[in-house]
Amino acid sequence: MTTTIESPSFASSETSLPRYRMFIDGQWVDTADQYVLVSPATEEPIATAARGGIEHADAAVAAARRTFEQGVWRDLPPARRAAVLEAAADALEARSQELATTATREGGAPLYLSLGLNAITPISNLRYFAEQARAYRFEAPGPLVGGIAHSGVVRREAIGVCAAIVPWNFPLALAVWKIGPALAAGNSVVLKTDEKTPIGALELAREFQAAGLPDGVFNVVTGDGETVGAHLATHPDVRKIGFTGSSEVGKKVAAAAATSNLKRVTLELGGKSPNIVLDDADMRTAVDGAIWAFLMHAGQACESGTRLLLPRAIHDRFVARLVERLGDVRIGDPLDPATTLGPLISAEQRDRVLRYVELARQEGATVACGGRVPPGVDAGYWVEPTVLTDVTNDMRVAREEIFGPVLCVLRYDTVDEAIAIANDSDFGLSAGVWSASVDAALDVARRLEAGSVWINDFHMANENYAFGGFKQSGMGRELGANALDAYTEPKSVQVSLEPDLRKRAYGLALPTPAPDWD
Ligand code: NAD
């Protein structure tokens, strides 16, 4: 296994660190108190960012509310809104490489992943939402009622001030999944970035402003979850909250949203996704697919395939091959294009992952490979790719989200048993099925409790398909053809064309006609 941590190609001294400010009501706002953003690969500081507080959240919500009430964005023709989203996408595209490099320095994902998931994907997503703004039926003729002359329209109206709260793992893409449909539909938005990864969203704000988005329509507050995040979740002027993060915090957000003002809520939460290999699968492809499923971004993806379900008959050969292939994983400087595995986000996360490996041993699992910090590493937050075998589905390591480069391997005897194990989870975000027979795989897919099922691949989330979870993996969906529905309120408007419509439609006994009004 390659375990050398190559020297980082970037070096920065604290005195020359870039300083990022918040974006509120069209202004760049600084604070004396600053976050120090640290490279997870080297632990070197790379930038500082404002640490916003409740007063900043309030100012951002007030600006968003004002612009919504004035209609400066909401009342524009959808095509004008679409043009602003597209102009911002074009500007970001011209800066893709820079965005990817910054995201890698900030969040530790290897450069190829940052380019895909922190640049190309959010840019493509923004264009997708712009297209949806053009095509969306903001107002559609209503149906005839009982075949009786009757006129009506069904409108979809922007909700108002929408708050978005995102985690650190794919910070720009997950922000765009909320901001894109919210703005396309005419809402005003307050985004709270994660404490560790605010830069991409601030660059997006810069490009929105340059593209002509009116001041106050989009605001970015950089602040702590327990203060700024919790405040937005209870704020009486916020009418919708889109949250991505852990199931634990998601429940708090949902509770706060319900008890404050019954905010509309979309939650994208954690996972413990099964990846089922059927006995007729192409084993070479399935082995590499299993690695891609659990190891992408060092396992720090909500949808990671972290429970690998293998037919008992092929288990030993499959695991041997898996461990051998993991020896080719290139761990190192995430800015090196050849690197395939980067660090974890923080020392806390590394220590948490190592504690889970210890727990696995105590629970009776076998550490087939990894389970430790790569030898010789003295900076950064690294854990080797780790495979746990002899795992049973009742173990905590099989039930709880570890969020690191750790794969649990489970055996099964029949397909029914594999499906039962797969579904025996509090989560239901995604699943993989590997088979030479698409029909057999589709049959399994129909029986799985998961928001996304991928056949002979993994991590196939894309804008054309709704994404989200069953059970405690979330509530509602993002992306997909109906993405704007989550950021609009339906309003039914009906006009009576006949004075006794109700009587004829429903057979109601109406009183005799009222005397003339004089
Ligand atoms: P987290 O829940 O700790 O934090 C997510 C965001 O919530 C951060 O911005 C944080 O500051 C904020 N926050 C924290 N406490 C809050 C509170 N009380 N009120 C409001 N906001 C609060 O999650 P994390 O550790 O940053 O990210 C990892 C988690 O996110 C994992 O569980 C992962 O599965 C999940 N995730 C889910 C998806 C998905 O689409 N389903 C995508 C990515 C990550």
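Here, residue 1 is the first one in the sequence, and each next residue gets the next number. Indexing begins at 1, ligand by ligand and atom by atom, following the structure's order. What you see below is based on every heavy atom in this structure, not just the backbone, and it leaves out hydrogens, waters and symmetry mates.
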Please say whether Leu429 places an N or O atom under 3.5 Å from an N or O atom belonging to ligand 1.
-> no

Protein heavy atom at shortest distance from atom 36 (N) of ligand 1 | Cys302 CB, 3.4 Å

Exercise: identify the closest heavy-atom pair between Gly160 and Asn187 | N-OD1, 3.0 Å

Run the salt-bridge test on Arg352 and Glu400 with the 4.0 Å N-O cut-off and return the result as yes or no.
-> no

Salt bridge flag under 4.0 Å for residues Arg127 and Glu86 = no

Kindly determine whether Lys471 and Glu449 satisfy salt bridge (charged side-chain N to carboxylate O under 4.0 Å, His left out), including the steps that lead there.
-> CA-CA 8 Å; Lys471 301 187 274 185; Glu449 296 173 345; 2.7 Å; yes

Starting from atom 25 (O) of ligand 1, which protein heavy atom do you reach first, and at what distance in Å?
-> Trp168 NE1, 3.5 Å

Pair Trp73-Phe68, ring pair (Phe, Tyr, Trp, His ring centres under 6.0 Å): steps then yes or no | CA-CA 7 Å; Trp73 177 249; Phe68 188 74; over 10 Å; no

side-chain contact (heavy atoms from CB on, under 4.5 Å) between Glu226 and Lys252: does it pass, once the steps are laid out?
-> CA-CA 10 Å; Glu226 294 292 340; Lys252 288 188 198 172; 3.7 Å; yes

May I ask you to identify the nearest protein heavy atom to atom 15 (N) of ligand 1, giving residue, atom name and distance to one decimal place in Å?
-> Val249 CG1, 3.5 Å

Check Glu303 against ligand 1 and report side chain, backbone, both or neither, counting heavy atoms closer than 4.0 Å.
-> neither

Of all the heavy atoms in Phe170, does at least one lie under 4.0 Å from an atom in ligand 1?
-> no

Relative to the ring of His459, is the ring of Trp454 parallel (under 30°), tilted (30 to 60°) or perpendicular (over 60°)?
-> tilted

For atom 31 (C) of ligand 1, closest protein heavy-atom neighbour = Glu401 OE1, 3.4 Å

Determine whether the side chain, the backbone, both or neither of Gln300 has a heavy atom under 4.0 Å from any heavy atom of ligand 1.
-> neither

Identity and separation of the nearest protein heavy atom to atom 20 (C) of ligand 1 = Gly229 C, 3.2 Å

If you count the atoms of ligand 1 from 1 in the order shown, which ones are under 4.0 Å from a heavy atom of Leu174?
-> 42 (C), 43 (C)

Among Phe427, Phe403, Phe243, which residue places a heavy atom closest to atom 7 (O) of ligand 1?
-> Phe243

Is the cationic atom of Arg372 (NZ for Lys, CZ for Arg) positioned less than 6.0 Å from the six-membered ring centroid of Trp382 and within 45 degrees of its normal?
-> no

Counting heavy atoms under 4.0 Å, the part of Ile165 that contacts ligand 1 is side chain

Under 4.5 Å between any side-chain heavy atoms of Val387 and Leu326, yes or no?
-> yes

Report the C-alpha separation of Trp168 and Phe403 in whole Å, then their side-chain angles, then the decisive distance to 0.1 Å, and conclude whether the ring pair (Phe, Tyr, Trp, His ring centres under 6.0 Å) test is met.
-> CA-CA 12 Å; Trp168 48 266; Phe403 227 56; 5.7 Å; yes

Short N or O distance, Val166 and ligand 1, threshold 3.5 Å exclusive = yes

Leu269 N/O under 3.5 Å from ligand 1 N/O | yes

For atom 19 (N) of ligand 1, which protein heavy atom lies nearest, and how many Å away is it?
-> Ala230 N, 3.4 Å

Measure the acute angle between the ring planes of Phe218 and Phe208, then classify it against the limits of 30° and 60° as parallel, tilted or perpendicular.
-> perpendicular

Which bit of Glu195 gets closer than 4.0 Å to ligand 1, counting heavy atoms only: side chain, backbone, both or neither?
-> side chain

Does NZ or CZ of Lys240 come closer than 6.0 Å to the centre of the six-membered ring of Tyr487, within 45° of the ring's axis?
-> yes

Can we say Asp25 and Arg66 salt-bridge, meaning some charged N sits less than 4.0 Å from an Asp/Glu carboxylate O?
-> yes

Residue and atom name of the nearest protein heavy atom (relative to atom 40 (O) of ligand 1), distance in Å to one decimal = Glu268 CB, 3.2 Å

Any non-hydrogen protein atom below 4.0 Å of atom 13 (N) of ligand 1?
-> yes

Backbone or side chain, does any N or O of Lys252 fall under 3.5 Å from an N or O of ligand 1?
-> no

Honestly, for Leu232 the part within reach of ligand 1 (heavy atoms, under 4.0 Å) is neither

N/O separation below 3.5 Å, Asn169 to ligand 1 = no

Does any N/O atom on Thr244 come nearer than 3.5 Å to any N/O atom on ligand 1?
-> no

Shortest protein contact, atom 2 (O) of ligand 1 (heavy atom only) | Ser246 OG, 2.6 Å

